[in-house]
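I have placed the structure first, in the form of structure tokens, so that the comments after it can refer back to it.
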Amino acid sequence: QVLLVESGGGSVQAGGSLRLSCAASEYSVSSYYCAGWFRQTPGKEREGVAAIERGSSTRYADSVKGRFIISRDNAKNTLYLQMNRLKPEDTGMYYCAASPYQFAYVKFMTPNSYTYWGQGTQVTVSS
């Protein structure tokens, strides 16, 4: 049973920073073809935030480029999302996802590309 557990969410004022973590069990984060972060707010579809491929290629949503950084620590078997200069529109439930199957770069931000999901961690940014 693959298990992804997110942590690090919380409440922060606009302009602040948070670092989300996603601890993976069963398989190492480096063994997945691709791992990513998604977010969702009530009434909206889940959207891709950032993804990192096994070979370390990354992709970011336009709304977070230059502010968020996705990374992984293979030794700790953990995926991270460093979020800087947070904005109120970054508020949402953030989910970690991973896939052992290969898919095209253009689908890095597509939720259906991913097989395994965590339970989510809430991020709230106040103005």
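Between Arg72 and Ser56, some side-chain heavy-atom pair lies under the 4.5 Å cut-off. Side-chain contact between Tyr114 and Cys34: present, with at least one pair of heavy atoms (C-beta onward) separated by less than 4.5 Å. Contact annotation: the side chain of Ile52 approaches that of Leu79 to within less than 4.5 Å [non-hydrogen atoms, C-beta and beyond]. In this structure, the side chains of Thr91 and Gln122 come closer than 4.5 Å at one or more pairs of heavy atoms. When side chains are defined from C-beta on, Leu20 counts as touching Met83, because their heavy atoms get closer than 4.5 Å. Residues Glu53 and Thr58 have side chains not in contact (no heavy-atom distance under 4.5 Å, counting atoms from C-beta outward). Counting heavy atoms from C-beta outward, Val49 and Leu81 have side chains that approach closer than 4.5 Å.
Tyr32 and Tyr116 have tilted rings, their planes meeting at an angle from 30° to 60° on a 0 to 90° scale. Taking the six-membered ring for Trp and thresholds of 30 and 60 degrees, Phe108 and Tyr33 have ring planes more than 60 degrees apart, a perpendicular arrangement.
Summarising the geometry of Ala98 relative to Leu4, their closest heavy-atom pair is N-CD1, 4.0 Å, with the distance given to 0.1 Å. Closest approach of Val123 and Gly9 over heavy atoms only: CG2-CA, 4.2 Å. Taking all atoms of both residues into account, the shortest heavy-atom contact from Ser127 to Ala14 is CA-CB, 4.3 Å. Of all heavy-atom pairs spanning Tyr60 and Ile70, the tightest one is OH-N, 2.9 Å.
Remark: Thr115 engages Ser99, Pro100, Tyr101 in a side-chain contact (heavy atoms from CB on, under 4.5 Å) (not counting sequence neighbours). Partners of Glu47 under the salt bridge (Lys or Arg N to Asp or Glu O under 4.0 Å) rule, at least two apart in sequence or in another chain, are Arg39. Residues satisfying the side chain to side chain donor-acceptor pair (under 3.5 Å) test with Thr110, not counting sequence neighbours, are none. Listed by chain and residue number, nothing satisfies the salt bridge (Lys or Arg N to Asp or Glu O under 4.0 Å) test with Lys44 (two or more places apart in sequence, or in another chain). For Gln82, the side chain to side chain donor-acceptor pair (under 3.5 Å) partners are Asn84, not counting sequence neighbours. Considering only residues two or more places apart in sequence or on other chains, Arg67 meets the salt bridge (Lys or Arg N to Asp or Glu O under 4.0 Å) condition with Asp90.
Both the sub-6.0 Å distance and the 45° axial angle are satisfied by Arg19 relative to the ring of Tyr80. Both cation-pi conditions hold for Arg59 and Tyr105: the charged atom is under 6.0 angstrom from the six-membered ring centre and inside a 45 degree cone around its axis.
In terms of modelled atom types and a separation under 3.5 Å, the side chain of Gln40 and the main chain of Glu45 share no donor-acceptor contact. With Gln119 contributing its side chain and Val5 its backbone, the two residues share no donor-acceptor pair below 3.5 Å. Looking at Ser113, its side chain does come within 3.5 Å of a backbone N or O of Lys107 through a donor-acceptor pair. Although no hydrogens or angles enter the test, the distance criterion places no donor-acceptor pair under 3.5 Å between the side chain of Thr78 and the main chain of Ala23.
Linking ILVMFWY side-chain heavy atoms closer than 4.5 Å, directly or via other members, places Leu86 and Met93 in two distinct hydrophobic clusters.
Aromatic pair Trp117/Phe38: ring centres closer than 6.0 Å.
For the atom pair OG (Ser21) and CG (Asp73), the distance works out to 10.0 Å, reported to the nearest 0.5 Å. From Trp37, atom CH2 reaches atom CE of Met109 across 13.0 Å, with rounding to the nearest 0.5 Å.
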